[in-house]
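Here the structure comes first, spelled out in structure tokens, and everything after it is commentary.
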Amino acid sequence: MVNQEDKFKKVISHAKEYGYVFQSSEIYDGLSAVYDYAQNGAELKKNIRDYWWKAMVQMHDNIVGIDAAIFMHPTTWKASGHVDAFNDPLIDNKDSKKRYRADVLIEEHCAKIEAKIDKEVEKAEKRFGDAFDKTQFLATNQRVVEYQEKINATLSRMAKSLENEDLADVKALIEELEIADPLTGSRNWTEVKQFNLMFGTKIGASAENSMDLYLRPETAQGIFVNFLNVQKSGRLKIPFGIAQTGKAFRNEIVARQFIFRMREFEQMEMQFFIKPGTQVEWYNHWKETRLKWHLSLGMGGENYRFHDHEKLAHYADAACDIEFKFPFGFKELEGIHSRTDFDLSQHEKFSGKKLQYFDPEENKSYVPYVLETSIGLDRMFLAVFSNSLVEEELENGTTRTVLKLPSVLAPVKAAILPLVKKDGLPEIAKQIADDLKWDFNVDYDEKDAVGRRYRRQDANGTPFCITVDHDTLNDNTVTIRHRDSMEQQRVKIEDLRNIIKLEVDVRSWLMKM
Ligand code: ATP
């Protein structure tokens, strides 16, 4: 059994070895929490983005997609609340000089108590066997109930203190819980301070004319400020959505989890504009729809869970996360937020322009309410990549490393391999590759023995290997090998396109939603 830390290290090194993710500016020793996507990573990332775009934009008659600029007028961030409130509480350890997010230290403390609950459940499950009733056990077992109460009390006190800006109480909580620096064990903490996460920059050539700007910390505001332009030019009727994908920037305090928390990352967001009063219904609708999207990729229902927010952001009246089981435990992958009319009303106030929708059915104008779904593309990449990487024991006692990417997302759909580098086989293989290129991203590989080439493609996540051999010369058939089952079939060259399409086509995957 590999432990979680080893598994995570394996994920990072595999991502590098197979051309998925590199550290940014590696030759200069890298830049903290900034990463580059390499030749395969760029394809995987694009495929995830396309899969989201297809499901969210193109398959919905009432959702359109835009591409707003990263730079926005600085008043945007005053209006949205980011200048005043987009802060994280930070705390330094005086001995180790390490910096932490105070809320994360407390949450991790609670996660440890939760792990104790899980252990109790596991023990009881073994003891009671089939008769075990988990819900009843969680509600009645004295020890478990106490653990849970402790978690609830801690998290709600933290939420209240953060809400009231009572940072001294956050520090007091850390001391009462006897939380120590995870790296050194020291409990010698500074006060808790607020730290704004936005990156500032300047626009304009001369010092007198330059203007202070921010790099956007979320893509959502580009949608809000364009709300009326899109609604009018698209003649859209409520309910409707505006979606976009793009870069966002946050000067994260602690960023040590590979592409999970980056300082430059990409979001895929959709703002759904609705009639005030219908937000509960739409909140539930989008929770369910987004979970179905995740499940359609077949990465195991047990790896997802909802987590309701204790502390609501300044704009929300309800919010939850879809959490995914990453190699370091369950963590936020996507947020679903009921944002009320907060953003549009704020932009009305700060811009002096009306941002209202005239509802022909009600014969009146109003500021719509908004339901947001917001997922990090890089986090989704990490979810897919880490979940897919497996070491498989084979019947002959050997192991193979396979990247079992959902085939719709795999960077390379098929590798075409001539069995040997002579007798005209490479020419036929290249011809097949040239033909399949029109429909799929394919690879041609003639180096090494065919078994080694299969292993390389398995580790790269390629769903199909197509081998051209001497029989091909006589009957125009090839062997097609499936990555996951390793099964091989003899098929006609002319059938390849359909066989691959059936397996990798977005339609067949999204149909599962
Ligand atoms: P966290 O609590 O992990 O800091 P958040 O609640 O601030 O995240 P949101 O503002 O809701 O995140 O952003 C929506 C999504 O954007 C998140 O669910 C996550 O997938 C992604 N995201 C946010 N911050 C980062 C980051 N620093 N690096 C990568 N992805 C991020």
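In listed order, ligands and their atoms are each counted from 1. Starting from 1, each residue takes its place in the sequence as its number.
Paired with Tyr51 under the rule ring-ring contact (aromatic ring centres under 6.0 Å, His included), one option of Trp293, Trp509, Phe381 passes, and it is Trp293. With Gln221 as the partner, the side chain to side chain donor-acceptor pair (under 3.5 Å) test is satisfied by one option alone out of His82, Gln271, His347: His347. Test Glu269, Glu372, Glu334 against Arg290 for salt bridge (Lys or Arg N to Asp or Glu O under 4.0 Å) and you get one pass: Glu334. Among Asp166, Asp169, Asp103, the one residue that satisfies the salt bridge (Lys or Arg N to Asp or Glu O under 4.0 Å) test with Arg157 is Asp169. Screening His294, Gln267, Glu332 for a side-chain contact (heavy atoms from CB on, under 4.5 Å) involving Ile375 leaves a single residue, His294.
For ligand 1, the atoms sitting less than 4.0 Å from at least one non-hydrogen atom of Gly376 are 15 (C), 16 (O), 19 (C), 20 (O), 21 (C), numbered in the order shown with element in parentheses. Near Glu334, meaning under 4.0 Å from one of its heavy atoms, ligand 1 places the atoms 18 (O). Residue Gly335 approaches ligand 1 through these ligand atoms, each under 4.0 Å from one of its heavy atoms: 18 (O). Atoms of ligand 1 lying under 4.0 Å from any heavy atom of Glu252, numbered from 1 in the order shown and given with element: 24 (N), 26 (C), 27 (N). Taking a cut-off of under 4.0 Å to the non-hydrogen atoms of Ser374, the atoms of ligand 1 that pass are 13 (O), 14 (C), 15 (C), 18 (O). Near Phe260, meaning under 4.0 Å from any of its heavy atoms, are these atoms of ligand 1: 28 (N), 29 (C), 30 (N).
Under the 6.0 Å cut-off for aromatic ring centres, Phe258 and Phe260 do not qualify, their centroids lying 6.0 Å or more apart. Within the 6.0 Å centre-distance limit, the rings of Phe385 and Tyr20 are counted as a close aromatic pair.
Atom 16 (O) of ligand 1 has Gln267 NE2, 3.4 Å as its closest protein atom, hydrogens excluded (heavy atom only). At the shortest separation from atom 19 (C) of ligand 1 among protein heavy atoms lies Arg379 NH1, 3.5 Å.
Not close to ligand 1: Glu266, with no non-hydrogen atom less than 4.0 angstrom away. At least one heavy atom of Arg101 sits closer than 4.0 Å to an atom of ligand 1. Using a non-hydrogen distance threshold of 4.0 Å, Asp378 does not register as a contact of ligand 1. Heavy-atom distances between Arg250 and ligand 1 reach below 4.0 Å in at least one pair.
No N or O atom of Phe265 sits closer than 3.5 Å to an N or O atom of ligand 1. At under 3.5 Å, a nitrogen or oxygen of Glu332, whether backbone or side chain, sits near a nitrogen or oxygen of ligand 1. Below 3.5 Å of separation, one finds no N or O of Ile375 facing any N or O of ligand 1. At a 3.5 angstrom cut-off on N or O pairs, Met262 counts as close to ligand 1.
Looking at His337 against ligand 1, only its side chain comes within 4.0 Å, counting heavy atoms. When non-hydrogen atoms are compared, ligand 1 lies under 4.0 Å from the backbone of Leu333 (N, CA, C, O) but not from its side chain. No part of Met380 comes within 4.0 Å of ligand 1, judged by heavy-atom distances.
Side chain of Asn47 to backbone of Leu409: a donor-acceptor contact under 3.5 angstrom is found. No side-chain donor-acceptor contact under 3.5 Å links Asn93 to the backbone of Gly185. With hydrogens and angles ignored, the 3.5 Å screen pairs no side-chain donor or acceptor of Glu503 with any backbone N or O of Ser407. The main-chain N or O of Tyr366 is never found under 3.5 Å from a side-chain atom of Asp359 such that the two would form a donor-acceptor pair.
Under a cutoff of 6.0 Å and an axis angle of 45°, Lys78 and Phe350 do not form a cation-pi pair.
Which of Gln257, Arg261, Glu107 comes nearest to atom 1 (P) of ligand 1 through a heavy atom is settled by distance: it is Arg261.
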